[in-house]
**Student:** 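Take a look at the following structure, please.
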Amino acid sequence: MHHAPIVVHRIAPAGGRRVSLRAEGQDSVLGLARSDADVIEFLRRAGVPDPDDLVLGDSPLIEWVTDDPHAYEAEPSDTDIP
């Protein structure tokens with residue numbers, strides 16, 4: 001269960017992370033971010049104050065699920081064929 005109002009979900013197999021916002025008891029998907037700049041822009045469009053500080057700082061308002069914060073690319077599998 002997520003407690004922070006902003007959630008940056010795990011990295012998708014093809015790369016990128018879904019970003020969601022909980023406001024007034026409703027979860028809204030803001031988009032698929034491929035960089036911190038994308039997350040900042042999604043939050044700016046949603047009307048979140050100071051999105052740069054939230055994303056680039058160590059804010060308790062953002063939960064980075066499963067993967068490292070600020071990582072957006074999927075790790076290649078050992079079984080991937082070049």
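Numbers for residues simply follow the sequence, beginning at 1. Keep in mind that this is a model prediction, so the values were computed, not measured.
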**Student:** If you group Ile, Leu, Val, Met, Phe, Trp and Tyr by side-chain heavy-atom gaps below 4.5 Å, do Val8 and Ile11 land in one group?
**Tutor:**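 Different clusters.
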**Student:** Test of understanding: clusters of I, L, V, M, F, W, Y form through side-chain heavy atoms closer than 4.5 Å, transitively. Do Leu56 and Val48 belong to the same one?
**Tutor:**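 Per the 4.5 Å side-chain linkage, Leu56 and Val48 are co-clustered.
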**Student:** By the side-chain hydrogen bond (donor to acceptor under 3.5 Å, both in side chains) test, which pairs, at least two apart or in different chains, include something from residues 46-58?
**Tutor:**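 Residue pairs with at least one partner in residues 46-58: there are none.
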**Student:** Sequence neighbours excluded, which residues qualify as side chain to side chain donor-acceptor pair (under 3.5 Å) partners of Asp36?
**Tutor:** His70, Tyr72
**Student:** Report the residues that fulfil side chain to side chain donor-acceptor pair (under 3.5 Å) with Arg10, sequence neighbours left out, ordered by chain and then residue number.
**Tutor:** none
**Student:** Scan residues 16-45 for pairs that pass ring-ring contact (aromatic ring centres under 6.0 Å, His included), counting only residues two or more places apart or in two chains.
**Tutor:** none
**Student:** Provide the closest heavy-atom pair for Pro13 versus Ala74 in the form atom of the first, atom of the second, distance.
**Tutor:**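 In this case the closest contact between Pro13 and Ala74 is O-CB, 3.3 Å.
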**Student:** Only counting residues at least two apart or in another chain, list the ones meeting side-chain contact (heavy atoms from CB on, under 4.5 Å) with Leu32.
**Tutor:** Arg34
**Student:** For Pro51 and Ile40, which heavy atoms make the closest approach, and how far apart are they?
**Tutor:**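 Smallest interatomic distance, heavy atoms only, reads CB-O, 3.7 Å.
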**Student:** For Leu30, run the side-chain contact (heavy atoms from CB on, under 4.5 Å) check against Val7, Val39, Leu21 and tell me which one passes.
**Tutor:**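 Exactly one option meets the side-chain contact (heavy atoms from CB on, under 4.5 Å) with Leu30, and it is Leu21.
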**Student:** Give, for atom OG1 of Thr66 and atom NE2 of His9, the distance between the pair rounded to the nearest 0.5 Å.
**Tutor:**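 One gets 10.0 Å once the value is rounded to the nearest 0.5 Å.
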**Student:** Which distance, rounded to the nearest 0.5 Å, do you find between the OG of Ser20 and the CD of Gln26?
**Tutor:**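 Rounded to the nearest 0.5 Å, the OG-CD separation comes out at 12.5 Å.
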**Student:** If you round to the nearest 0.5 Å, how far is CD of Glu73 from CZ of Arg17?
**Tutor:**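 These two atoms lie 11.0 Å from each other.
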**Student:** Can you list everything that forms a side-chain contact (heavy atoms from CB on, under 4.5 Å) with Ser59? Sequence neighbours excluded, please.
**Tutor:** Leu54, Leu61
